[in-house]
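Contents: one structure, followed by commentary.
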Amino acid sequence: MPEEIKATLEGLLFLVGDEGLSSTQLAEVLEYSVDEIEAWLDELMKEYIETDTRGIEIVHFGGLYKFVSKEKVHVYAEKLFASVKMATLSQAALETLAIIAYKQPITRNEIEEIRGVGCDMMVRKLLARNLIKECGRSDAAGRPFLYEVTPEFMDSFQLESLKELPELPETNNTLDTELFQEDES
Amino acid sequence: MPEEIKATLEGLLFLVGDEGLSSTQLAEVLEYSVDEIEAWLDELMKEYIETDTRGIEIVHFGGLYKFVSKEKVHVYAEKLFASVKMATLSQAALETLAIIAYKQPITRNEIEEIRGVGCDMMVRKLLARNLIKECGRSDAAGRPFLYEVTPEFMDSFQLESLKELPELPETNNTLDTELFQEDES
Amino acid sequence: MAFEITIDQFEGPLDLMLHLIKENKLDLFDLNMDTLTDQYLAYLNTMEALHLEVASEYLAELAGLIEYKSKKLLPREKVVIEEEYEEDQRDKLVKRLLEYQRFKEVSSLFQQQYEERQKMMSKPMSTESNQWMNVKIEEDFKGNPYDLVKAMHKVLRRLVLAQPYETKVTVKEMSVDERKAQIVKRLQNWTGKMDFPTLCSDCTDLHMVIVSFLAILDMIRFKMITYLIDEEEMIWIVKGEVAYA
């Protein structure tokens, strides 16, 4: 397999992370046939598994190839993540709150669309913590609940009003600009 | 470096992705000294950069080690993610950041004096992008906020620490020759 | 002097002055303030004539330049005292120009570094990590607004990664027959009537809503369901052949 292909496959699979890539997608981007790509991926998979100095390997589930960490790394991972002084709010909670604060009023579905994962439990947790509350229903199909942040949220984040929220980082793709309209100054 | 260390470093750095890890964190988890870990990381960094079949490399910016895809992968990434466009910083933003990086801690007023224009919006934008942060208040009248650059700034400009900042051009006579260089265009 | 360069190409009055100095080959270390002032004024006038908005900072600096110039027109006897002041003012301006010039220059290096770094990309933390994480939501959380921005930044980045463009093209569109089978299955355990929005609650895009509509038209034709429309123009689907609510 050409050197460059190897590097590109590694780079792209690294970048997509958990999302994984299909051989069709890779074939299109690298401009080779699906068969060729699959043969190379097989070769790579073998190489990663057999090389003891590698801490990651490629798995192939449900039509998608992706990198995961090797099992032997897990004992260290457990130690690392258990020790990491996580902010007292989990990343998932922070992200959900950020979406609600910037986009409120917003339905659970809309949050899920943006985060790309289910948020049912998270929304319940945040409701229970009194960081968000229901504020009516959307006109969308099924008339789902709308959520907004609470005064308690403002207190936790030292905000007097949502206007104080810093402008969103200038994002660089059409999708974001649709989601979050920006004013250039 | 022991095989297992290599695999573990690779695995852990892969897992944390753009969060990155400090040598201290890694030393704690692997139970080696920070010096040993840093020496191994240096070795690894070199290995990844020099091996052409690798599509990823380890960088060390703002105190954190992390995996990134190599520059040569970018053109394929752009193809794969149609919406990936590079973020840009305006000339005004770059000037403001440069002033803060060299002069920090610095007040908004002091920045404005050097640039000759108001910087209120710009400072807010840079705060929102997490490139600068407040770091106390000056003793000057009105006790204005002082600003400094963040680890995120270091990362964005490929700096391990502020010591790596390029030297500022001198203000003596050498400068005017540059200033009056005729560009034929 | 042709004004091909408009005001928004400058980062401020100092930037404009540096441009004029270069353009007129003035010596920065023995700066001819009269020429600079005239050029500066001429430039701003042209911009105004072109109806380009000139920010107040430019006018503030202009005032300084004109003040300097007017001092020179004062009666001779005053000049001796004023000369020192003039030198001061001029030196001060030159110093500012030089200082500004340093940062302007270095910022182009910054730009290179930034662009290079943009091409090295990373990935979000692996979800594998969640299994090991010790997450607890503490009662007394204190955060700051930037925590939120940072979190939002991550969300947006992941959103980009999750949308490789091929998937948009290759998404298989559901056929009416497939949708019909889904609806039949859904109605199996349903008693009473169902409104159209509820029926469509599992639709991921507009196309699927349309397919749903076509599917129920089909089902009505084959008398698998009936329908009614209420006063608020809501479409209700009713299981079975005859049912009027």
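Sequence lines set the chain letters: A, B, ... in the order given, protein chains first and strands last, and positions in each chain run from 1.
A cation-pi arrangement, defined by a distance under 6.0 Å to the six-membered ring centre and an angle within 45 degrees of its axis, is present between C:Lys123 and B:Phe14.
The choice from C:Glu61, C:Glu116, C:Glu128 that makes the most heavy-atom pairs within less than 4.5 Å of chain B is C:Glu116. With chain C as partner, the option from B:Ser156, B:Pro166, B:Gly116 having the largest number of non-hydrogen pairs under 4.5 angstrom is B:Ser156. Heavy-atom pairs under 4.5 Å with chain C peak, among B:Gly17, B:Ser69, B:Gly20, at B:Ser69. Per-residue heavy-atom pair counts under 4.5 Å with chain C were compared for B:Leu165, B:Leu159, B:Leu89, and the maximum is reached by B:Leu89.
Closest of all the heavy-atom pairs between C:Glu57 and B:Gly118 is OE2-N, 2.9 Å. Nearest approach of C:Gln113 to B:Phe157, heavy atoms of both residues: NE2-O, 3.1 Å. Here the closest heavy-atom approach between residue C:Pro124 and residue B:Asp18 is recorded as CA-OD1, 3.8 Å.
To the nearest 0.5 Å, atom CE of residue C:Met120 and atom NE2 of residue B:His74 are 11.0 Å apart. In this structure, C:Glu99 CD and B:Arg115 CZ are separated by 13.5 Å, a value rounded to the nearest 0.5 Å. Atom CZ of B:Phe153 is separated from atom CZ of C:Phe110 by 4.5 Å, given to the nearest 0.5 angstrom. C:Gln112 CD to B:Leu94 CG: the interatomic distance, rounded to the nearest 0.5 Å, is 11.0 Å.
The local environment of NZ in B:Lys72 is crowded, with over 12 non-hydrogen atoms from other residues, nucleotides or ligands closer than 6.0 Å. By the neighbour-count criterion of 12 heavy atoms within 6.0 Å, atom CD of B:Glu50 is densely surrounded, having more than that number from other residues, nucleotides or ligands. Counted within 6.0 Å of CG on B:Asp139, heavy atoms from surrounding residues, nucleotides or ligands total 12 or fewer; the atom is thus considered open.
In this model, a donor atom of one side chain and an acceptor atom of the other lie less than 3.5 Å apart for C:Tyr100 and B:Glu95.
For a residue to count as touching a neighbouring chain, one of its non-hydrogen atoms must lie under 4.5 Å from one of that chain's; by this rule B:Glu112 does not touch chain C. Looking at B:Val73, neither its backbone nor its side chain comes within 4.5 Å of chain C, counting heavy atoms on both sides. When heavy atoms are compared at a cutoff of 4.5 Å, B:Lys66 approaches chain C solely by way of its side chain, counted from C-beta outward.
Side-chain atoms of C:Arg117 come within 3.5 Å of backbone atoms of B:Asp155 as a donor-acceptor pair (strictly under, hydrogens ignored). A distance-only check finds no donor-acceptor pair linking the side chain of B:Glu19 to the backbone of C:Met125 [under 3.5 Å].
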Checklist entry - Does the pair B:Leu168 and C:Phe103 meet the rule for a side chain to side chain contact (heavy atoms under 4.5 Å, CB included), with working shown? => result CA-CA 7 Å; B:Leu168 258 192; C:Phe103 289 106; 3.9 Å; yes
Checklist entry - B:Gln91 and C:Gln111: side chain to side chain contact (heavy atoms under 4.5 Å, CB included), yes or no, with the steps? => result CA-CA 8 Å; B:Gln91 180 60 31; C:Gln111 173 141 30; 4.2 Å; yes
Checklist entry - Can B:Tyr102 and C:Val106 be said to form a side chain to side chain contact (heavy atoms under 4.5 Å, CB included), step by step? => result CA-CA 10 Å; B:Tyr102 284 98; C:Val106 86; 3.4 Å; yes
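In this structure, the ring-ring contact (aromatic ring centres under 6.0 Å, His included) partners of B:Tyr48, at least two apart in sequence or on a different chain, are B:Phe67.
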